[in-house]
*Asks:* 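Have a look at this one.
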Amino acid sequence: MPFIAFLGCDGSGKSAVIKAVSGRLDESGTAVTQGHWRPQALTRRVEVPAIPADNPHGLPPRGLVSSILKLGWLWLNWWKGWYQGLRKASRGGVVLFDRYHSDLLVDPRRYRYGGPMILARLASRAMPQPDLVIFLDAPPEVLLSRKQEVDRASLERSRSGYRNLCGSHPRFRVVDASRPLAEVVDSVVELVRAGC
């Protein structure tokens, strides 16, 4: 499974897991390409992050028209990025993404999306799809013990949204991220190797 995306609430350990899994795959001679949220295909300069790391819900949603335009821009980014390099990288190794376009369906506020959700769902279905999506799941109390950027109610809402998304397609796998990092990494590496 060459294109693998990771989803999870803040505090689930996505970055640490991806780093460790990438290291394990690299040691075994597998070429690894990493990405975050979207390809950088239409970005010509270094961007100032639109999502403050310490307050991902701190900015207000965009209006209807700008949300739809941004969604179209995201769609173009994914397809251009896919044909410019991700497709080739996925054939010759493994592509690991920390979040991907379906994350918008679970947490539109994080991406300042203020448009119709039916349009976001259609756009997500029309973008390149991962071969495997790993949802790193943990109870809110565990997540909050690791990070406090998002309140408990938002975490519970996001966790429920991710779990619902996981039931939508057989490509999704749930991994218990409340365990020690080494155990989580072992589980993820096993899933990756089983599908490659």
Side-chain angles (χ1 to χ4, degrees), residues 1-40 46-58 81 85-86 89-90 93-107 109-111 129-166 171-196:
M1 291 195 187
F3 177 17
I4 300 163
F6 290 80
L7 294 177
C9 299
D10 292 295
S12 61
K14 291 186 306 299
S15 298
V17 170
I18 291 169
K19 181 179 179 182
V21 169
S22 178
R24 291 257 201 104
L25 293 173
D26 191 53
E27 286 171 8
S28 69
T30 303
V32 178
T33 302
Q34 292 187 41
H36 183 269
W37 166 234
R38 64 169 177 81
Q40 303 296 311
V46 176
E47 270 190 3
V48 175
I51 305 163
D54 60 347
N55 187 9
H57 295 155
L86 289 178
S90 71
V94 174
V95 173
L96 303 178
F97 255 75
D98 179 351
R99 302 188 190 272
Y100 77 113
H101 49 80
S102 279
D103 201 45
L104 172 67
L105 306 180
V106 172
D107 194 359
R109 190 172 162 200
R110 175 182 294 272
Y111 303 102
Q129 300 296 321
D131 299 297
L132 174 67
V133 180
I134 297 172
F135 169 48
L136 299 175
D137 188 27
E141 54 272 14
V142 172
L143 300 170
L144 286 168
S145 73
R146 297 173 179 172
K147 274 190 174 182
Q148 293 80 41
E149 283 83 3
V150 178
D151 62 65
R152 186 183 184 98
S154 295
L155 285 174
E156 288 174 347
R157 198 167 37 250
S158 292
R159 186 179 185 219
S160 175
Y162 285 126
R163 291 174 75 86
N164 288 337
L165 188 63
C166 288
R171 76 170 65 98
F172 289 85
R173 297 288 183 276
V174 179
V175 172
D176 179 3
S178 65
R179 296 173 297 159
L181 178 61
E183 291 181 24
V184 176
V185 171
D186 286 343
S187 295
V188 171
V189 169
E190 188 177 325
L191 283 173
V192 171
R193 287 184 174 153
C196 284

*Asks:* On a heavy-atom basis, which atom in R38 and which in Q40 lie closest, and how many Å separate them?
*Replies:* O-NE2, 3.4 Å
*Asks:* How long is the gap from CG on D137 to SG on C9, to the nearest 0.5 Å?
*Replies:* 7.5 Å
*Asks:* Look at R24 together with D186 and state whether they make a salt bridge at an N to O cut-off of under 4.0 Å.
*Replies:* yes
*Asks:* Can you name the closest pair of heavy atoms from V95 and S90 and give their distance?
*Replies:* CG2-N, 3.7 Å
*Asks:* Mind checking whether F3 and Y100 have parallel, tilted or perpendicular rings, split at 30° and 60°?
*Replies:* perpendicular
*Asks:* Drop me the distance from L136's CG to R179's CZ, to the nearest 0.5 angstrom.
*Replies:* 9.5 Å
*Asks:* Of the non-hydrogen atoms in R146 and A177, which two are nearest, and what is the gap between them?
*Replies:* NH2-O, 2.8 Å
*Asks:* Between S22 and L96, does a side-chain contact (heavy atoms from CB on, under 4.5 Å) hold up when you go through it step by step?
*Replies:* CA-CA 8 Å; S22 178; L96 303 178; 4.2 Å; yes
*Asks:* Checking the side chain of R171 only, and the main-chain atoms of P130 only, is there a donor and an acceptor separated by less than 3.5 Å?
*Replies:* yes
*Asks:* Can you tell me how far CZ of R193 sits from OG1 of T30, rounded to the nearest 0.5 angstrom?
*Replies:* 7.0 Å
*Asks:* Begin with the C-alpha distance, continue with both residues' side-chain angles, and end with the deciding distance and a verdict on side-chain contact (heavy atoms from CB on, under 4.5 Å) for V32 and V21.
*Replies:* CA-CA 10 Å; V32 178; V21 169; over 6 Å; no
*Asks:* Hey, is the main chain of S154 close enough, under 3.5 Å, to the side chain of S158 for a donor-acceptor pair?
*Replies:* yes
*Asks:* Is the closest side-chain heavy-atom distance between S102 and V133 below 4.5 Å?
*Replies:* no
*Asks:* Is the side chain of S145 donor-acceptor paired with the backbone N or O of V142 at a distance under 3.5 Å, no angle test?
*Replies:* yes
*Asks:* Compare all side-chain heavy atoms of V184 with those of D176 and state whether any distance is below 4.5 angstrom.
*Replies:* no
*Asks:* Can a salt bridge be assigned to the pair D10 and R99 using a cut-off of 4.0 Å between side-chain N and carboxylate O?
*Replies:* yes
*Asks:* Can you find a heavy atom in the side chain of D103 that is under 4.5 Å from one in the side chain of Y162?
*Replies:* yes
*Asks:* Just by distance, do the side chain of K14 and the backbone of D98 share a donor-acceptor pair under 3.5 Å?
*Replies:* no
*Asks:* Tell me whether E156 at atom CD has more than 12 heavy atoms from other residues, nucleotides or ligands lying less than 6.0 Å away.
*Replies:* yes
*Asks:* Any idea which heavy atoms bring D131 and P2 closest together, and the distance?
*Replies:* OD2-CD, 3.1 Å
*Asks:* Just how far is it from atom SG of C166 to atom CD1 of I134, taken to the nearest 0.5 Å?
*Replies:* 10.5 Å
*Asks:* With heavy-atom distances below 4.5 Å as the criterion, would you say the side chains of S12 and L143 are in contact?
*Replies:* yes
*Asks:* Report the C-alpha distance between L165 and F135 in whole Å, list the side-chain angles of each, state the deciding distance to 0.1 Å, and finish with yes or no for side-chain contact (heavy atoms from CB on, under 4.5 Å).
*Replies:* CA-CA 10 Å; L165 188 63; F135 169 48; over 6 Å; no
*Asks:* Between R159 (side chain) and A138 (backbone), is there a donor-acceptor pair under 3.5 Å?
*Replies:* yes
*Asks:* Do the side chains of L7 and V106 get nearer than 4.5 Å, heavy atoms only?
*Replies:* no
*Asks:* Do the side chain of R110 and the main chain of D107 share a donor and acceptor less than 3.5 angstrom apart?
*Replies:* no
*Asks:* Check whether any side-chain heavy atom of L104 sits under 4.5 Å from a side-chain heavy atom of W37, and report yes or no.
*Replies:* yes
